[in-house]
Undergrad: 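Got a structure for you, written out below as structure tokens; questions coming shortly.
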Amino acid sequence: MRPTKLLIATAVSFALAATVQAAAKDGTYEGTANGKNGPLTVQVVIKNSKIASVKVLKSGETAMVSDAAMERVPAEIVKTQSLRVDNVAGATLTSMAIQAAATNAVKAAGGQPSEYYKKPVKKQPSGMEVTYKTDVVVVGSGASGMAAAVRAQLNGLPTILIEKMPTLGGDTILNAGTLIATGSRYQKEVMKEMKDSPELAFKDIMKVGKNKNDPVLVNMVTHKVGGVVDWLIDDLKIPYGPAATQYPDHSAERQLGVQGRSPNFIKTMASILTDHGGKILMETKATKLIYKDHRVRGVEAVNAAGDEIKIYAKDTILASGGFGANTKMLPPTLKGFLFYGLDSDAGQGYEMARKIGAKDINMDLVKVYPQGVETTPNHGLAATASSTATINDTGAIYVNSDGKRIINERASLGELTDITVAQKDKIMYLVMDANGYKRYLSKSLEDKLVPDEAELRKWLKIVNNGKPVMVESDSLAKAADVMGINAKNLEATVAEWNKMAEAGKDTQFGRKDPKELIKAPYYIVEQKPRFATTLGGLKANAKMQIIGKNGKPIPGLYGAGCVVGGANGADSMTAMMNSWAIISGVEAADAITASLKKNK
């Protein structure tokens, strides 16, 4: 049966104004609402004025992050006959969008939504206590936790991994799955890169991190990475290859990408872990470190049913992520920046360790990227790959609100971030012609930034604080006016750029191989600073042991990934956040293995 009507509303407001309506008519209806990444459409079937089924038809939400919400919220609406059900942790905006879209479908059916509003029944804690004993317990299932758990299990140590969310992967799901390959067999034999070395990688990482890195951790990473990459590719058969986008902050050919991006990495690693006897406990939130006789002896946790969990372990690895979603822990300098991470980045691992005396480092430093697009208020899409590909392959340029070029567009991401933040409105603009738009679109589709061109073109209608996200016009001046850019200056800037391109030399910033901007229509897309992962955290040594305020390792406690600070300094080299996560997880597992074998 064909849908009879389509209504649109925002997920946040729900558009709940009640009006007198007839009962919902039997049939199949559609409703749409805005989720985290754009419109989400559901199909609702009404039978005998009851909600018989709810199905998500179309969504641009992030794979794996939204999976639990897509499955649970529709089922719960049908089960409870209520348009108000509990949101799924970590996918709040998606959960709300499904409920709002279903509300609109009921309205399209002629029903009165208020008749389907029931307050969710709060689940009572079970009161059960469950105890586990194991060699290693890992808190968190992002790249660091997965790498640590798989390595420990394959090293012969029975391992339990706990994840507080209903989905695996943490912030890792949001990245492209890139990794540096310094010193690996793959780099030498397949990439044919012979000039790279741990010393060169160390120099690059410290430079991008503005020398605020902990050199002990950077040295560990650059000397261990080759072996880790060989383990992933040769032993685990993880499908890595040269990264699709090679960023300029590397002095050698060393950037790898995993097929299927990070979701595939997480799924593959989880399968390896469980296939080899490792245990994964989902929706199990660590609440406290078990600390007795000056040693960490595991973790206390609670699961979705309210069971109290105690996991006694010889060693504990915190891989619980950063604190990007915890505004109380963030530095005030991030005001106005776009958050593109997960609500689960609340810093609980840091807080648990702090309570037993752990030391921290670089808590004022957060990883900020350029090229964010504010499609949802205060939240941004990570359009870096799309913008970079467009800059590399076409004549697109970056300008500020004065309409002037401000940087060599092929500068490193750190430099692009710094120049963006330095602008009075903290916005940089990507200016491109029809050729540029074509490349921007193709890369956006390839990277699944948007599901189709129609979704990208919806950016033309999004306005934040009086400024649109994107404009399109046959007139460069008109496009500038709509975007709030000095039109006269922009026309002069593009004219000068075209002259330099025709002459084959960028005399302003030295960009190689400049191309003209001459084919209408013209497009301008905002480029705002965005953040998700934090750079500060717990202090660790080269063995990934967490350091106490007395300067000594806390026995039984290790860290990996974003919960540990210092490795990336004030900024992270491209591919380094994911590299740090995986390498630190492997090193923590190896250090525990060596320690346990030594003490047998």
Side-chain angles (χ1 to χ4, degrees), residues 142-144 146-148 150-151 154-155 169 172-173 175-205 207-208 218-273 275 384-386 388-389 392-393 410 412-413 442-443 446-448 512 561 567-568 572-587 589-590:
S144 58
M146 276 297 176
V150 170
R151 186 73 162 205
L154 294 182
N155 283 351
T172 299
I173 295 301
N175 69 46
T178 51
L179 182 68
I180 64 172
T182 300
S184 65
R185 176 202 63 78
Y186 189 92
Q187 184 188 36
K188 297 172 184 175
E189 296 180 9
V190 181
M191 300 177 77
K192 307 298 183 183
E193 174 60 76
M194 305 304 292
K195 68 180 180 181
D196 199 11
S197 66
E199 293 73 25
L200 183 59
F202 181 95
K203 182 179 178 181
D204 286 347
I205 293 168
K207 178 183 177 181
V208 174
V218 178
N219 186 66
M220 182 275 288
V221 166
T222 57
H223 282 83
K224 296 284 186 175
V225 60
V228 172
V229 169
D230 289 341
W231 175 65
L232 291 170
I233 295 177
D234 298 339
D235 297 343
L236 301 188
K237 309 302 180 184
I238 306 295
Y240 279 99
T245 303
Q246 295 288 325
Y247 292 95
D249 41 358
H250 294 263
S251 298
E253 193 80 6
R254 64 166 77 102
Q255 298 169 76
L256 299 178
V258 65
Q259 290 179 23
R261 299 167 65 87
S262 284
N264 187 39
F265 174 83
I266 293 296
K267 288 179 181 178
T268 303
M269 292 292 277
S271 294
I272 293 171
L273 176 60
D275 288 348
T384 292
S386 301
T388 301
N392 287 343
D393 299 340
R410 292 177 185 164
S412 69
L413 292 184
S442 66
K443 187 61 177 175
E446 177 189 334
D447 274 25
K448 295 180 172 48
K512 294 181 179 180
N568 290 291
S572 63
M573 186 172 68
T574 313
M576 257 304 294
M577 292 301 295
N578 202 50
S579 300
W580 162 244
I582 294 172
I583 298 160
S584 60
V586 170
E587 180 59 21
D590 283 352

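Every heavy atom of this structure was used, including side-chain atoms; hydrogens, water molecules and symmetry mates were not.
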Undergrad: Just verifying a value: how many Å separate T268 OG1 and L273 CG, rounded to the nearest 0.5 Å?
TA: 12.5 Å
Undergrad: In Å, rounded to the nearest 0.5 Å, how long is the span from NE2 of H250 to CD of Q255?
TA: 3.5 Å
Undergrad: Name all residues meeting the side chain to side chain donor-acceptor pair (under 3.5 Å) criterion together with D204; count only those two or more places apart in sequence or in a different chain, and write none if there are none.
TA: S251, R254
Undergrad: Between K443 and S386, what is the shortest heavy-atom contact and its length?
TA: CG-CA, 3.7 Å
Undergrad: With sequence neighbours left out, write down each residue that passes side chain to side chain donor-acceptor pair (under 3.5 Å) with S442, or none if nothing qualifies.
TA: R439
Undergrad: Does a side-chain heavy-atom distance below 4.5 Å link I173 with I266?
TA: yes
Undergrad: Considering non-hydrogen atoms only, spot the tightest contact between A575 and S579 and give its length.
TA: O-OG, 2.6 Å
Undergrad: Using the test side chain to side chain contact (heavy atoms under 4.5 Å, CB included), find all partners of V229 that sit at least two apart in sequence or belong to another chain.
TA: L179, S184, V225, I233, L256
Undergrad: For R410 and K512, indicate whether the former's side chain and the latter's backbone hold a donor-acceptor pair under 3.5 Å.
TA: yes
Undergrad: Which residues pass the side chain to side chain contact (heavy atoms under 4.5 Å, CB included) test with Q259, sequence neighbours left out?
TA: P239
Undergrad: Please name all residues satisfying salt bridge (charged side-chain N to carboxylate O under 4.0 Å, His left out) with E253, sequence neighbours left out, ordered by chain then number.
TA: none
Undergrad: Using side chain to side chain contact (heavy atoms under 4.5 Å, CB included) as the criterion, list what pairs up with V221, not counting sequence neighbours.
TA: M576, W580, I583
Undergrad: Measure across A143 and N578 and return the closest heavy-atom pair with its distance rounded to 0.1 Å.
TA: CB-OD1, 3.7 Å
Undergrad: R261: which residues meet the salt bridge (charged side-chain N to carboxylate O under 4.0 Å, His left out) condition with it, sequence neighbours left out?
TA: D447
Undergrad: Could you tell me which non-hydrogen atom of E446 sits nearest to which non-hydrogen atom of A244, and how far apart they are?
TA: OE2-CB, 4.3 Å
Undergrad: Nearest 0.5 angstrom please: M573 CE to K207 NZ, how far?
TA: 11.5 Å
Undergrad: For T384, what residues pass the side chain to side chain contact (heavy atoms under 4.5 Å, CB included) criterion, not counting sequence neighbours?
TA: Y247, Q371, T388, L413, R530
Undergrad: If we ignore hydrogens and angles and just use 3.5 Å, is the side chain of S262 paired with the main-chain N or O of G177 as donor and acceptor?
TA: yes
Undergrad: Which residue pairs pass the salt bridge (charged side-chain N to carboxylate O under 4.0 Å, His left out) test with at least one member in residues 236-245, sequence neighbours excluded?
TA: none
Undergrad: Are more than 12 heavy atoms, taken from residues, nucleotides or ligands other than K224, located less than 6.0 Å from that residue's NZ atom?
TA: no
Undergrad: If you round to the nearest 0.5 Å, how far is CD1 of I272 from CZ of R151?
TA: 12.0 Å
Undergrad: Using side chain to side chain contact (heavy atoms under 4.5 Å, CB included), reason through L236 and V150 one step at a time and then give a plain yes or no.
TA: CA-CA 10 Å; L236 301 188; V150 170; 4.2 Å; yes
Undergrad: So, using salt bridge (charged side-chain N to carboxylate O under 4.0 Å, His left out) as the criterion, who are the partners of D234 when residues are at least two apart?
TA: R185
Undergrad: Are the side chain of T222 and the backbone of F202 linked by a donor-acceptor contact shorter than 3.5 Å?
TA: no
Undergrad: Taking G561's backbone N and O only, do any of them form a donor-acceptor pair with S584's side chain (distance below 3.5 Å, no angle check)?
TA: yes
Undergrad: Looking at every non-hydrogen atom in both residues, tell me the closest pair between W231 and A147 and how far apart they are.
TA: CH2-O, 4.3 Å
Undergrad: Quick one: list whatever passes side chain to side chain donor-acceptor pair (under 3.5 Å) with T178, sequence neighbours left out.
TA: none
Undergrad: Run D235 and L154 through side chain to side chain contact (heavy atoms under 4.5 Å, CB included) and show every step you take.
TA: CA-CA 11 Å; D235 297 343; L154 294 182; over 6 Å; no
Undergrad: To the closest 0.5 Å, what do you measure between NZ (K192) and CD (Q187)?
TA: 12.5 Å
Undergrad: Determine the minimum heavy-atom distance between A252 and K195, stating which atoms define it.
TA: CA-CE, 4.1 Å
Undergrad: Kindly write out the residues that satisfy side chain to side chain donor-acceptor pair (under 3.5 Å) with N155, not counting sequence neighbours, or none if the list is empty.
TA: D590, T593
Undergrad: Quick one: CE on M269 to CD1 on I582, what's the gap to the nearest 0.5 Å?
TA: 7.0 Å
Undergrad: Closer than 3.5 angstrom, by distance alone: can the side chain of D249 be matched with the main-chain N or O of T574 as a donor-acceptor pair?
TA: yes
